[in-house]
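Bear in mind the structure is a predicted one, so any value in this text is a computation, not a measurement.
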Amino acid sequence: MTSTPGWERCFGELPRSEEPWIAYLTPDRGLALVSDRARRGSGVVEAPTEAFLARCGQSGDAGRPTMEPDRGGDPAAGVPLRFPYGPVTFGLFEAGRIDLETPGERVVAVHPRAGYKHRAIDRTVVGRRPLEALPWIERRVGPASVAHAMTFLAASESALGHPVPEQELWLRALGAELQRIHVHLGHIGRSVEAAGQPVGTAQFAALAEEARRAMGRWGGHRWLFGLLDPDYPFRRLERSDLRSLAAEVASLRRRFDRLWELARGTRIYIDRLQSTAVLDRAIAQALGAVGPVARGSGVGWDDRVDDPIPPYDLLDLHPAVEIEGDALARISVRAREIQQSAELVEQMVDRWPGRLGQVDPRPGVAPDRGWARSESPEGDLVYDVTLREGRIAALCLRTASAANWPAFAEALRGSVFTDFHFAWESFGLSFAETDG
Amino acid sequence: MAGWILQAWRRGRLTTRFPRSAPTEAELPPTARLPVLSPLPAEASRLREALCPTGAIEGTDIDGGRCVRCARCHIAGAAVTGPWDGSGPPPDRGPGPDGEGVGAQLPPPWPAPFGRSIHVFPIDVGSCQACNLEVLALSNPYYDASRLGIFFTPTPRHADLLLVMGVPTAAMEEPFRRTLEAMPSPKAIVAVGACAISGGLFRHLPGRWTVDSAPVPVIYLPGCPPAPVQILAALRRAVGIPRAEGERP
Ligand code: SF4
Ligand code: SF4
């Protein structure tokens, strides 16, 4: 047991979820396994073990991915074949690589390799003011740009200690829920595609397009980039704009409900998801899984309920939890969350605050240093921001994707190749988010 | 299955009329086009240039290949900035000269059109995923690229066009080169989005390379990300299909 330098700088005390320990990205982009004790502030951090790093594929320097020569393997002699999947594939649709080890049909080991898309966002924003840094923060992962921007802003505000206009907070949550709907629609649609259901695929893809159009109409940008900047010219916060957005979301939800009914009644689809890439509750906890992955395995943590930032403390929500831990459970959690997010949008529009309200941010961990967490579409997202004279001096974060890689590798072990895409879509991992 | 088909039939035809008629407001939100800048006094103009996170502004000119539609310049002086309501300069204007290894002009029209159909292979070299998903959106019923003879292929060996998305990172240089080599000739590259054209917000990334370092014609498709109709328009232009009536330049 050694201590990882930089941890102290990176995270102060975090309220705990029920996991015994969790993996955090350290400032030098390694992964640290943090025991519960450390998280309570005793300062002891377990260094990542070799085996753990190999399993989750995080090299110390994410800018240089591990490019081992592909090992041939010899099934006859009991040496499994190693298939590198990526970094250029049509299936992942992202630059990243996952090495699958197999003696034949079953996958015996999974080695995700991130780092191909490292864009040095954390370093690029240093020296800028928080609002100025938004374009970079948003573009860490486009489909969840609002979740990143809102958590980052909340952390900066916690460092500054200024009260925040209530309306800003509501706007952030509204954008985040729209993106959650869109992200989950994408995963469900692509899992339907993997099951070879072209008509269903097209219907879900159309729905995702409608979600992007709704965002474009309301926020002026199909991915809501820029929305959280108070001076953004395409904000539409009049009652009538909010009402028509809510109506659009409600009709999207009705169409989704019908499609999801159909999907659930399609045997071929459900059969492919059921018992695929099973993640036990105990393992999900031990590996520190978050978001729909954890909730699909019965770990009911959701930041919006268990550690809410405003306005979630005023909204009515019960986390969607399934206990089976298979791809079907995770996809069902996503489906339920689409419905919940639509309900949250309705609640927010109904109770939209006036212009004058102000809310105090979460107290910082030190002068000029604050942190925040929120539930991004893929789970618990933590930002820790240190400011110096109003400019960013250091930025550390732990993304949901980074937290979920070990669970993915573990769940896929023992599956057959053809399960890969169902596991992939149900886990919702993002190389862009991991790499930064 | 029958349920799916019934459901699809109930929804009716969703497909855009583009390129037969101009894209609608829903297909082209304001940020799909470039902002419009009004002239400012020299000092204020310099301030506005400094505000742009991509260094895309020079006076009242905006380098379309760099602009990420972040609206900073619009904030700078709402009173003195032109309207940004989608009436601005055409979105698919090529990047201006900027001395950063980005070609100053669009390549000449494609010499030998690929008949009426093309196969495209998308490659991510460091994107935020928004460009990837906008490219993928071409196959949804709203855009249905296959009706225009545009098909995705899962392997570069059957591809005519390479769609490059994202900031070219050092780690992706070798995989990119190998992918390009695997494609049969003639071939062309479409640089999708500000990242792929100029690096966009990440233009100072150490080890960044540029897609036009390869001896292959490049079509620039500005945006952050470009809207699917803009990608469609670029793909059609890449294969030398003349502009349809109503299609914006
Ligand atoms: S990048 Fe932003 S500030 Fe620069 S020209 Fe484009 S919209 Fe304006
Ligand atoms: S151009 Fe914009 S949308 Fe496309 S990958 Fe780059 S940052 Fe993302």
Side-chain angles (χ1 to χ4, degrees), chain A residues 63-65 67 87-91 93-95 115-121 124 132 134-136 138-143 145 186 197 199-200 202-203 205-206 208-210 212-213 216-217 219-223 225-226 229 231-234 255 258-259 261-262 265-266 430-433 435, chain B residues 1 3-5 7-8 11 14 25-27 29-31 53 68-72 74-75 78 84 121-134 136-137 139-143 152-156 166-167 169-172 175-176 178-179 201-202 204-207 224-225 227-228:
Chain A
R64 253 172 288 128
M67 294 285 280
V88 181
T89 60
F90 192 73
F93 225 75
E94 252 207 291
Y116 289 94
K117 315 177 64 158
H118 182 53
R119 289 151 292 156
I121 293 174
T124 311
E132 210 185 310
L134 270 190
W136 283 271
E138 284 166 338
R139 284 158 181 83
R140 186 182 188 99
V141 49
S145 60
Q197 297 288 314
V199 194
Q203 293 289 300
E209 172 68 22
E210 282 155 28
R212 285 194 287 266
R213 287 183 178 198
R217 255 193 296 269
H221 192 287
R222 285 161 59 91
W223 302 85
F225 291 171
D229 190 319
D231 289 323
Y232 184 63
F234 300 111
R255 270 171 283 147
R258 277 201 293 276
L259 287 185
E261 253 337 286
L262 283 173
T266 306
S430 157
F431 282 105
E433 191 179 38
D435 291 348
Chain B
M1 190 69 188
W4 289 115
I5 293 172
Q7 180 72 22
R11 298 232 43 207
L14 300 171
E25 175 82 29
E27 286 157 2
T31 47
V68 292
R69 326 294 152 105
C70 70
R72 283 294 126 97
H74 212 77
I75 295 163
W84 186 8
F121 182 80
I123 179 176
D124 172 0
V125 292
S127 79
C128 74
Q129 277 188 301
C131 277
N132 308 24
L133 291 166
E134 292 292 41
L136 205 57
S139 52
N140 78 35
Y142 277 94
Y143 302 107
F152 288 113
T153 158
T155 152
V167 205
T169 63
M172 284 309 287
F176 169 80
R178 268 192 258 152
T179 307
L201 284 167
F202 308 99
H204 298 307
L205 184 71
C224 186

Using a 4.5 angstrom heavy-atom cutoff, name the option from [options] with the most pairs to chain B.
options	result
A:R255, A:E132, A:E138, A:E261	A:R255
A:L259, A:L134, A:T124	A:L259
A:G226, A:G186, A:A202, A:G216	A:A202

Exercise. Side chains of A:S430 and B:Q129: is there a donor and an acceptor less than 3.5 Å apart?
Worked result: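 On atom types as modelled, these side chains qualify, holding a pair under 3.5 Å.
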Between A:Y116 and A:E94, is there a side-chain donor-acceptor contact under 3.5 Å, judged purely by atom types and distance?
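No, A:Y116 and A:E94 have no side-chain donor paired with an acceptor closer than 3.5 Å.
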Given heavy-atom pairs under 4.5 angstrom as the criterion, report whether the side chain, backbone, both or neither of [X] touches chain A.
X	result
B:V167	side chain
B:C131	neither
B:T179	side chain
B:T153	backbone
B:L205	side chain

Among the options [options], pick out the one with the most heavy-atom pairs lying under 4.5 Å from chain A.
options	value
B:P156, B:P206, B:A8	B:A8
B:G207, B:A137, B:P225, B:G166	B:P225
B:G126, B:P122, B:S127	B:S127

Flag side-chain contact, heavy atom, 4.5 Å: [X] against [Y]:
X	Y	value
B:L201	A:R119	no
B:N140	A:R212	yes
A:P143	A:V141	yes

[X] versus chain B, the contacting section by heavy-atom distance below 4.5 Å:
X	value
A:R258	side chain
A:F93	both
A:W223	side chain

Yes or no on side-chain contact (heavy atoms from CB on, under 4.5 Å) for A:V88 and B:F176, after CA distance, side-chain angles and deciding distance?
CA-CA 8 Å; A:V88 181; B:F176 169 80; over 6 Å; no
Does B:H74 form a side-chain contact (heavy atoms from CB on, under 4.5 Å) with B:R69? I'd like the steps, not just the answer. CA-CA 10 Å; B:H74 212 77; B:R69 326 294 152 105; over 6 Å; no
Is a donor on one side and an acceptor on the other found under 3.5 Å between the side chain of B:T31 and the backbone of A:G220?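 Side chain of B:T31 to backbone of A:G220, a donor-acceptor pair under 3.5 Å: yes, one is there.
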For A:R139 and B:C224, the nearest pair of non-hydrogen atoms, with its separation, is NE-SG, 3.1 Å
